[in-house]
Amino acid sequence: MGTMSELVQALEQVVGKAGLVLDPALMGSYLSDWRNAYRGRAALVVRPGSTEEVASVVRLCHDAGVALVPQGGNTGLCGGSIPDDSGQQVVLSLTRMTRIRNVDPANETITVEAGVILQHLQEAAAEAGRLFPLSLGAEGSCTVGGNLATNAGGTAVLRYGNMRDLTLGLEVVLPDGRIWNGLRGLRKDNTGYDLKHLFIGSEGTLGIITAAVLKLYPAIHSRTTAWVALPSPQAAVELIGRMRALCGDRLTGFELMSRQSVEFVLRHVAGCTDPFAEVHPWYVLIQLSDTLPDAPLAQMLENGLGSAFEAGEALDAVVASSEAQVDALWAIREGISEAQNHEGPSLKHDISVPVSCIPAFVEAADLRLQQAFPGVRIVAYGHVGDGNLHYNISKPTGSDDAPFKAQAEAIMGLIYDVTLEFDGSISAEHGIGQAKREAAHHYKAPLELELMRSLKQALDPTGLMNPGKVL
Ligand code: FAD
Ligand code: MLT
Ligand code: ZN
């Protein structure tokens with residue numbers, strides 16, 4: 001084990017001067033997250049440009065006993081990509097690894113490096129006449145490596161699954177610097193434990209993902225989008241069942257939003273306007289898609305909504321009549337995260353419960369929260385077809401930040417308790433990071449935690465891979 005300056009010299013041999021950030025004044029964007037909710041310090045930031053460079057960097061840090069924090073686009077919401085405040089950790093940024101290595105339309109696969117931005121991956125798939133379906137608000141800056149490491153979800157999981165479901169193979173640099181080449185584009189491979197699934201969702205605690213073979217799907221040639229007002233989450237659950245029965249896999253998006261969520265967007269996101277003149281308690285954004293250019297989607301939507309009105313599930317609806325209107329409706333949905341930031345400190349949640357339990361979850365959590373913490377603003381929205389709600393909480397209007405922050409633990413505990421009463425999960429898509437580490441210890445089964453620790457010990461015995469995250 002040498003000194004930090006010896007490590008810096010050795011790293012410079014691998015990545016060159018341009019691949020290192022040593023000046024704390026230039027490190028800012030690597031040391032805090034998108035919401036500025038987490039801040040850390042680092043000895044340096046290293047930006048390797050190839051898998052071999054990543055392997056050398058990891059080996060050098062391993063031999064020097066220095067901890068690594070992998071980082072992609074730094075859009076994660078649980079502080080997983082932020083170093084601690086010791087100033088001793090090294091941030092390993094994958095943002096220079098941006099190659100699309102291979103597109104194989106006949107195998108319906110694309111092989112990309114970890115630093116490829118999700119939107120660029122979607123564009124590369126489109127150029128090949130295919131669809132890469134993962135879609136989320138941060139797609140303009142999040143990376144494939146971060147999507148894999150958090151098993152990202154988003155708005156198309158309903159039809160296509162989350163990142164785990166979209167992955168066939170991985171290349172990973174192990175904590176000791178060895179390279180595991182698992183870049184197989186196989187849909188069938190039963191040769192023992194499926195190792196890629198260990199790394200997907202491991203939030204950088206088991207190794208550095210450097211590349212992946214991902215699934216492609218047929219391109220979409222027609223879509224129809226509607227914004228529907230509803231009386232309750234119960235109506236949303238009934239409506240999604242109705243639409244799915246009618247449209248099958250053509251139902252590709254179904255996002256629920258409370259009035260509070262939409263109000264925040266109307267207040268803070270430029271260009272967003274209320275699709276209705278009247279105020280309604282809940283809304284869903286429905287999207288139907290098809291590979292045929294002239295699929296009868298509008299007719300299907302009309303049939304579904306017609307019977308929903310008769311059943312009292314829908315109160316009002318607008319169907320987008322142009323691509324600009326489609327974008328305008330999605331802008332309201334995708335604007336909620338940003339809008340909530342303008343309303344002061346907030347507590348973000350990404351809980352999941354069985355879809356059938358969503359209405360009872362909302363009712364129970366709303367009631368208990370308003371009794372225990374009167375005035376807090378509940379910003380509930382999300383991927384209702386996946387049973388995944390962002391049951392976020394903003395401080396009461398006009399109140400100081402400090403009392404709200406002091407109640408944060410108790411508010412989160414209340415929400416997690418209700419989640420567990422419905423056999424749910426405290427994190428459906430954002431992961432544990434540092435934000436939910438204590439909660440995971442409390443809410444996960446002891447045997448599950450023990451098995452997770454055994455895996456961590458087997459793969460990262462020196463504990464240098466993103467320490468303090470997840471476990
Ligand atoms: P980072 O934030 O850089 O890292 C995330 C985690 O992955 C960290 O623990 C990090 O150490 C690890 N990591 C990063 N790269 C690697 C690598 N190559 N190898 C190993 N570990 C690595 N998430 C959803 O699931 N669904 C959503 O709908 C959604 N919407 C969002 C909307 C907004 C506006 C924002 C800001 C975030 C949203 N997210 C959503 C959060 C989501 O997790 C990320 O945006 C994305 O998946 C993280 O990618 P990233 O490249 O930014 O990763
Ligand atoms: C989303 O679905 O918009 C994000 O996952 C939620 C968030 O930013 O909390
Ligand atoms: Zn989400």
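Both backbone and side-chain heavy atoms feed into the values below; hydrogens, waters and symmetry mates do not.
Ion pairing between Asp189 and Lys196 fails under the 4.0 Å rule for side-chain N and carboxylate O. Taking 4.0 Å as the cut-off between side-chain N and carboxylate O, Glu203 and Lys469 do not count as a salt-bridged pair. By the 4.0 Å N-to-carboxylate-O rule, Glu108 lies too far from Arg187 to be salt-bridged with it.
Formation of a donor-acceptor pair under 3.5 Å by the Ser56 side chain with backbone atoms of Glu52 is found in this model. Side chain of Asn151 to main chain of Arg164: a donor-acceptor pair is present (N/O by atom type, distance under 3.5 Å, no hydrogens or angles). Using a distance-only test at 3.5 Å, with no hydrogens or angles considered, a donor-acceptor pair links the side chain of Asn74 to the main chain of Ser32. Remark: the backbone N or O of Gly185 is paired with a side-chain donor or acceptor of Asn107 at under 3.5 angstrom. Judged purely by atom type and a 3.5 angstrom limit, Gln287 has no side-chain atom pairing as donor or acceptor with the backbone of Leu251. Looking only at distances, no side-chain donor or acceptor of Thr291 sits under 3.5 Å from a matching main-chain atom of Ile220. Arg437 places a side-chain N or O within donor-acceptor distance of the main-chain N or O of Leu471, the cut-off being under 3.5 Å.
Within the 4.5 Å cutoff, the side chain of Leu131 has no heavy atoms near those of the Leu216 side chain. Using a 4.5 Å heavy-atom cutoff, the side chains of Leu7 and Val66 are in contact. Side-chain contact between Met257 and Ile336 is present, with at least one heavy-atom pair separated by less than 4.5 Å. Looking only at side-chain heavy atoms (C-beta outward), Val90 and Val45 stay at 4.5 Å or farther from each other. Between Tyr30 and Pro83, every side-chain heavy-atom pair lies at or beyond the 4.5 Å cut-off. Side-chain contact between Glu171 and Arg101 is present, with at least one heavy-atom pair separated by less than 4.5 Å. A 4.5 Å side-chain heavy-atom check between His268 and Gln340 finds every atom pair outside the cut-off. Side chains of Lys444 and Met452 form a contact here, defined as non-hydrogen atoms less than 4.5 Å apart.
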- Task: Verify side-chain hydrogen bond (donor to acceptor under 3.5 Å, both in side chains) between Ser202 and Thr205, making sure each step is shown before the conclusion.
- Result: CA-CA 6 Å; Ser202 68; Thr205 60; 4.6 Å; no
- For Val265 and Val262, what are the C-alpha separation, side-chain angles and deciding distance, and is it a side-chain contact (heavy atoms from CB on, under 4.5 Å)? CA-CA 5 Å; Val265 175; Val262 171; 5.6 Å; no
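Every pair tested for salt bridge (charged side-chain N to carboxylate O under 4.0 Å, His left out) that includes a residue from residues 33-51 fails, sequence neighbours excluded, so the list is empty.
Using the six-membered ring where Trp is involved, His349 and Tyr416 have ring planes that are perpendicular, over 60° apart on the 30 and 60° scheme.
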For a quick test of your reading: what N or O donor-acceptor pairs under 3.5 Å do the side chains of residues 11-28 make, sequence neighbours left out?
unit_1 : atom_1 : unit_2 : atom_2 : d
Glu12  : OE2    : Lys17  : NZ     : 3.2
Asp23  : OD1    : Ala25  : N      : 2.9

Anything under 3.5 Å between a donor and an acceptor, one on a side chain of residues 132-147, the other on a protein residue two or more places apart or in another chain? List them.
unit_1 : atom_1 : unit_2 : atom_2 : d
Ser135 : OG     : Glu139 : OE1    : 3.1
Glu139 : OE1    : Gln122 : NE2    : 3.2
Glu139 : OE1    : Leu136 : N      : 3.0
Thr143 : OG1    : Gly146 : N      : 3.2
Asn147 : ND2    : Thr143 : O      : 3.4

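Remark: of the listed residues Asp104, Asn102, Val103, Asp104 is the sole one forming a side-chain contact (heavy atoms from CB on, under 4.5 Å) with Thr109. Considering His383, His390, Lys436 as possible partners of Asp350, the one that fulfils the side-chain hydrogen bond (donor to acceptor under 3.5 Å, both in side chains) test is Lys436.
Taking the six-membered ring for Trp and the full ring otherwise, the centers of Tyr381 and Tyr391 sit at least 6.0 Å from each other.
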